[in-house]
J.: 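Quick one: the structure is below, and I'll ask about it shortly.
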Number of protein chains: 2
Amino acid sequence: MSQTQARAVSRAKPGRSRADGARSRGRILDAAEQLLSERGYAGTGIAAISQASGLPASSIYWHFKSKQDLTGAVVERATERWVEALEASEPGPKAPTDAIVAWISRSIEEMGRRLPFFMRLSLLLGLELGPREPALMERLRRGRVLIHRVVRGSLERVLAAEGIPVDAGLADEIARLAMAFSQGAFISGVLEPESIDPGRIPEYIETGMRAIMEARMAEVTS
Amino acid sequence: MSQTQARAVSRAKPGRSRADGARSRGRILDAAEQLLSERGYAGTGIAAISQASGLPASSIYWHFKSKQDLTGAVVERATERWVEALEASEPGPKAPTDAIVAWISRSIEEMGRRLPFFMRLSLLLGLELGPREPALMERLRRGRVLIHRVVRGSLERVLAAEGIPVDAGLADEIARLAMAFSQGAFISGVLEPESIDPGRIPEYIETGMRAIMEARMAEVTS
DNA sequence: ACGGACCTGGAACGATCACTACAGAATCGC
DNA sequence: GCGATTCTGTAGTGATCGTTCCAGGTCCGT
């Protein structure tokens with residue numbers, strides 16, 4: 001369905017051409033992304049997406065074959081954007097350890113703030129759907145794995161480059177903990193806006209990361 | 001509505017008396033709690049609660065005046081249970097600092113495991129409903145505040161008893177961070193079961209807590 | 001100019017949504 | 001026994017759910 005890509009190639013300058021399915025598809029995704037991340041899967045109706053995007057339900061079903069399919073596309077696009085933004089801000093492999101640690105703590109917090117859709121989508125849909133929608137869950141999981149890999153990769157490369165003796169699992173562990181904490185802090189902010197000072201989140205992550213790393217190093221040498 | 005409490009008082013030994021509304025009410029709450037914490041508010045229908053509880057919809061609407069009202073009662077009961085369990089396991093004010101810190105880290109993790117309903121309810125409903133259901137959100141928030149207060153109280157009392165110079169905000173801050181992290185770890189476990197070793201969560205919380213506390217102490221003395 | 005691919009508009013489908021009306025069964029105080 | 005209270009069972013209400021059908025408009029390549 002929707003070979004609009006091919007058409008866009010053969011017709012480089014659309015000049016507001018026809019009904020413009022590619023643009024419509026994007027608008028549907030935008031509306032669905034916002035509604036899904038706010039109200040969840042069951043709470044978001046096709047009618048609401050239709051109204052928010054300004055397109056009739058039949059258009060939604062022309063571009064996507066079901067609500068599930070649309071949701072999957074939303075998750076995929078949000079994941080891609082998140083990973084792109086993460087990689088774009090990633091420091092080089094020769095950055096000092098301090099810079100990497102600071103980058104991780106800062107960027108995780110920043111992504112949660114600048115791109116809240118994926119954060120909310122991943123948490124809300126993950127909790128709501130569970131094993132009853134395995135296809136969607138798998139998509140969500142893949143997104144999280146991707147992000148984890150970027151974070152872990154930075155840690156690993158830099159620690160190795162500095163000759164710090166880090167076993168294979170440590171970077172993995174630290175990356176997971178950083179993600180878990182920033183998730184928790186994000187939700188705390190949603191539920192109790194006055195709870196945790198968002199500006200301090202990088203500091204918390206950094207302090208925690210260092211403490212765990214030191215504890216692990218101490219274990220190894222003892 | 002539902003003066004069953006009063007009846008239970010006047011009739012101490014019910015002996016399987018009549019239709020037994022109190023028991024029915026409990027069954028409805030049980031079913032609703034489970035379904036709401038699994039599928040969220042929009043995803044849980046009255047019909048599903050009726051089926052899971054074995055009672056017709058009219059009984060649900062005799063005990064509760066709306067789905068909102070029922071959800072509120074579910075949240076309230078789950079909160080009470082959590083707080084009770086927390087307080088029951090709380091160490092005395094004269095316990096050494098180590099014991100308190102260990103208790104906090106262990107009990108938060110344990111509550112998440114033994115009473116997952118409130119954790120899921122609070123996160124799922126909080127994310128899903130947002131400002132569109134202010135009454136329910138307020139109930140959720142109150143539950144979280146209660147729990148935070150218990151944790152913070154333990155910290156404060158012990159640190160003070162040991163003469164550790166802790167400014168008023170530090171215990172508060174540490175308690176929030178411990179809750180945020182355990183939330184994040186809980187969700188990580190839901191979304192990627194293999195992600196974080198649940199057995200290590202207390203250790204993570206403890207290490208992180210100590211690191212933050214030390215950092216704050218260093219700030220004060222410098 | 002014409003057939004066909006692309007996309008929209010509107011009207012419908014049965015199923016399910018939260019909720020209600022009401023009759024009747026069970027048990028109470030008296 | 002009797003009227004009243006408490007709770008259940010049946011059968012609905014209109015609204016909204018996801019989804020489908022299809023006529024028709026717009027633009028393409030030929």
Side-chain angles (χ1 to χ4, degrees), chain A residues 1-29 31-32 35-36 39-51 53-72 129 132-133 136, chain B residues 1-29 31-32 35-36 39-51 53-72 129 132-133 136:
Chain A
M1 82 198 47
S2 169
Q3 255 95 341
T4 49
Q5 306 275 18
R7 192 184 55 80
V9 167
S10 72
R11 184 84 166 97
K13 51 184 101 159
R16 185 60 87 242
S17 76
R18 138 157 75 169
D20 203 347
R23 156 120 60 206
S24 289
R25 198 184 131 99
R27 278 223 282 260
I28 293 168
L29 282 173
L35 290 169
L36 284 170
R39 317 183 192 210
Y41 186 78
T44 300
I46 297 294
I49 298 173
S50 159
Q51 195 183 346
S53 65
L55 290 157
S58 56
S59 289
I60 297 176
Y61 279 93
W62 190 88
H63 288 284
F64 307 95
K65 68 176 198 278
S66 66
K67 187 183 172 185
Q68 254 195 57
D69 184 45
L70 167 57
T71 307
L129 300 178
R132 268 169 301 119
E133 294 274 4
L136 281 176
Chain B
M1 87 197 42
S2 169
Q3 255 94 339
T4 49
Q5 307 274 18
R7 192 185 55 79
V9 166
S10 72
R11 183 85 167 95
K13 53 182 99 160
R16 186 61 87 245
S17 78
R18 142 154 69 169
D20 202 348
R23 157 123 54 210
S24 289
R25 198 184 131 97
R27 278 223 283 259
I28 292 169
L29 281 174
L35 289 169
L36 284 170
R39 319 188 208 234
Y41 186 79
T44 299
I46 297 294
I49 298 173
S50 160
Q51 195 182 349
S53 66
L55 290 158
S58 57
S59 289
I60 297 176
Y61 279 94
W62 190 88
H63 289 284
F64 306 94
K65 68 176 198 281
S66 66
K67 186 183 171 184
Q68 255 195 56
D69 183 46
L70 168 56
T71 307
L129 299 178
R132 266 168 304 120
E133 293 276 2
L136 281 176

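Order of the sequence lines sets the chain letters (A, B, ...), proteins ahead of strands, with each chain counted from 1.
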J.: Hey, does A/Ser50 have a side-chain heavy atom less than 4.5 Å from the side chain of A/Leu55?
T.: no
J.: Which is true for B/Thr44 with a 4.0 Å heavy-atom rule: it touches a base, it touches only sugar-phosphate, or it touches nothing?
T.: sugar-phosphate
J.: Roughly how many Å is it from CG in A/Asp69 to P in D/dG18, rounded to a whole number?
T.: 15 Å
J.: Does a side-chain heavy-atom distance below 4.5 Å link B/Phe64 with B/Leu29?
T.: yes
J.: Within this structure, what is the CZ-to-C1' distance between A/Phe64 and D/dT19, rounded to whole angstrom?
T.: 16 Å
J.: Could you tell me whether A/Ile46 contacts a base, only the sugar-phosphate backbone, or nothing, with contacts defined as non-hydrogen atoms closer than 4.0 Å?
T.: base
J.: Send over the distance from B/Trp62 CH2 to C/dA25 P, rounded to a whole Å.
T.: 19 Å
J.: What's the CD1-P distance between B/Ile60 and D/dT6, to the nearest Å?
T.: 20 Å
J.: What is the distance, rounded to the nearest whole Å, between atom CD of B/Glu133 and atom C1' of C/dA18?
T.: 13 Å
J.: Is any side-chain heavy atom of A/Leu70 less than 4.5 Å from a side-chain heavy atom of A/Ile49?
T.: yes
J.: Please determine if a side-chain N or O atom of A/His63 lies less than 4.0 Å away from the OP1 or OP2 oxygen of C/dT8.
T.: yes
J.: Taking atom P of C/dT27 as reference, at what distance in whole Å does atom CZ of B/Arg23 sit?
T.: 14 Å
J.: Which nucleotide sits closest to the side chain of A/Ala57: C/dC6, D/dT19, D/dT8?
T.: D/dT19
J.: OP1 or OP2 of D/dT8 sitting under 4.0 Å from any side-chain N/O of B/Ser59?
T.: yes
J.: Could you state the NZ-P distance from B/Lys65 to D/dC7, rounded to the nearest angstrom?
T.: 18 Å
J.: From D/dG18, D/dC21, C/dA18, pick the nucleotide closest to the side chain of A/Lys67?
T.: D/dG18
J.: Distance from B/Tyr41 atom OH to A/Arg39 atom CZ, nearest 0.5 Å?
T.: 13.5 Å
J.: Is the shortest side-chain N/O distance from B/Tyr61 to OP1 or OP2 of C/dT20 below 4.0 Å?
T.: no
J.: Within the structure provided, determine whether A/Thr44 and A/Thr71 are in side-chain contact (heavy-atom separation under 4.5 Å).
T.: no
J.: Taking only N and O in the side chain of A/Ser24, is any of them less than 4.0 Å away from OP1 or OP2 of C/dT8?
T.: yes
J.: In whole Å, what is the span from the CD1 atom of A/Ile28 to the C1' atom of C/dC6?
T.: 13 Å
J.: Among the candidates C/dA21, D/dC21, C/dC19, find the nucleotide nearest to the side-chain atoms of B/Ser66.
T.: C/dC19
